[in-house]
2 protein chains.
Amino acid sequence: MVKRTSLAGNECPIARALDVFGDWWSLLIIRDALIGRRRFGEFQASLGLAKNILATRLRSLVERGILKMVPASDGSAYQEYVPTPKGHGIFPILVALRQWSEEFDEDPDEIATTLVDREKGKPVKKLALYSQDGRMLSAVDTALKFRPTAKRTRRASA
Amino acid sequence: MVKRTSLAGNECPIARALDVFGDWWSLLIIRDALIGRRRFGEFQASLGLAKNILATRLRSLVERGILKMVPASDGSAYQEYVPTPKGHGIFPILVALRQWSEEFDEDPDEIATTLVDREKGKPVKKLALYSQDGRMLSAVDTALKFRPTAKRTRRASA
DNA sequence: CCATTCGGTTGCATTATTAAACTATGTTGC
DNA sequence: GCAACATAGTTTAATAATGCAACCGAATGG
């Protein structure tokens, strides 16, 4: 009854996303999945989290359509966890998180990797937000507009 | 000793960002702060979280340089929490989360708001990743390159 | 076969979250 | 100036989530 308050059904799309993968480990599991890790043991070794936690997270991510289970690619009887299109859609979020650390981290020397374009090997550009007519937008150039069609549910939120 | 494993000192910039605001509430507090909410009571009313949790989160976000406390703008003796530049830098992450929900949510009708450019009132474009020479990149067009200068710390991670 | 790896589950201790009550200032109406 | 209320928290106690280690069955490897 006093369980962690769910963000599902919230009107804010940010809260809705966090409801799916806003916990301590899910995004890191998704990160691993997007760079090609797919076996239970791979995730566990890479992340160093408890196996029961990993099991519940993987189950949740499969339930919510971020990952899917497929027969192992090496012909063994085991299963693999691979990202769905919905899972691949999380890539820009990971890029945004990465770029924030690259720009604002106190100890950038501790960051081990750079995201580069595979073809040229050069660092990618910063993600940027544009208007439909091509102007680059910062936060103050934007506003939130209420959608008239939205069926209200719980909290106003944003 | 068995406390939640810290992600600080991790080599992965994504993990480092999550160490700062990767919990259940911080990003929502930051979202609120970026749309102009600044008083303790405003956050509490908007988010509906327990006041002790809000207090610890605000303290943490101030410590980590995401928010800063300033005298209240209305001349009262109270304080306000306002985003620092480091806090404003989180905006693209929120946009990425929003756009993911807009694209993949099962119940998009429950989403109350759209992000528009203030000048024209039109929805913003999708965040996109570009190479330095202007090619649009998807996840498979990118790679992770190890930075030779990085001083290794703990886990390989990514 | 037999030992080992893989992919979990179970039980227990610790930590985090929650709601509610309480407190200390600050503000407002009179 | 003072009672009443608002603000911004802290404290307390209950419940839920997390972490760790031990276990377990199926799959694999030799």
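So you know, we letter chains A, B, ... as the sequences are listed, proteins then strands, and number each from 1.
The nearest whole Å value for the distance from the CH2 atom in B:Trp24 to the C1' atom in D:dA16 is 13 Å. Computed from coordinates, the A:Leu54 CG to D:dA17 P distance equals 18 Å when rounded to whole Å. Between the CG atom of A:Leu7 and the P atom of C:dT17 there is a distance of 13 Å, rounded to whole Å. Rounded to whole Å, atom P of D:dG9 lies 13 Å from atom CG of B:Leu61. With rounding to whole Å, A:Leu47 atom CG is found 11 Å from D:dG19 atom P. Computed from coordinates, the A:Asp23 CG to C:dA16 P distance equals 15 Å when rounded to whole Å. Following rounding to the nearest Å, B:Leu49 (CG) and D:dG9 (P) show an atom-to-atom distance of 13 Å. To the nearest angstrom, P of D:dG9 lies 12 Å from CD of B:Glu80.
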- line: Counting primed atoms, P, OP1 and OP2 as sugar-phosphate and everything else as base, the B/S/- map of nucleotides 4-12 of chain C against protein heavy atoms under 4.0 Å is -BSBBBBB-
Exercise answer: donor-acceptor pairs, residues 81-92 of chain A side-chain atoms, under 3.5 Å, sequence neighbours excluded:
residue : atom : partner  : partner atom : Å
A:Thr84 : OG1  : A:Gly65  : O            : 2.5
A:Thr84 : OG1  : A:Ile66  : O            : 3.1
A:Thr84 : OG1  : A:Lys86  : N            : 3.3
A:Thr84 : OG1  : A:Gly87  : N            : 3.1
A:Lys86 : NZ   : A:Arg64  : O            : 3.1
A:Lys86 : NZ   : B:Glu106 : OE2          : 3.3

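A:Arg37 CZ to A:Ile29 CD1: the interatomic distance, rounded to the nearest 0.5 Å, is 12.0 Å. Interatomic distance, B:Asp141 CG to B:Arg135 CZ, rounded to the nearest 0.5 Å: 7.5 Å.
Residue B:Trp25 places no side-chain N or O under 4.0 Å from the OP1 or OP2 atom of C:dT17. A sub-4.0 Å separation between OP1 or OP2 of C:dT18 and a side-chain N or O of A:Thr5 is present.
Not counting sequence neighbours, the partners of A:Phe21 by the ring pair (Phe, Tyr, Trp, His ring centres under 6.0 Å) test are B:Trp100.
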message: side-chain contact (heavy atoms from CB on, under 4.5 Å), that's the test. Do B:Arg98 and B:Val95 meet it? Break it down for me.
response: CA-CA 5 Å; B:Arg98 162 179 282 278; B:Val95 174; 5.5 Å; no
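A salt bridge links A:Arg39 to A:Asp74: one of the charged nitrogens lies within less than 4.0 Å of a carboxylate oxygen. Of the charged side-chain nitrogens involved, none lies within less than 4.0 Å of a carboxylate oxygen, so that A:Glu42 and A:Arg38 do not count as a salt-bridged pair.
Nearer the 5' end of DNA chain D, as judged by each residue's closest nucleotide, is the contact made by A:Ile53, out of A:Ala77 and A:Ile53.
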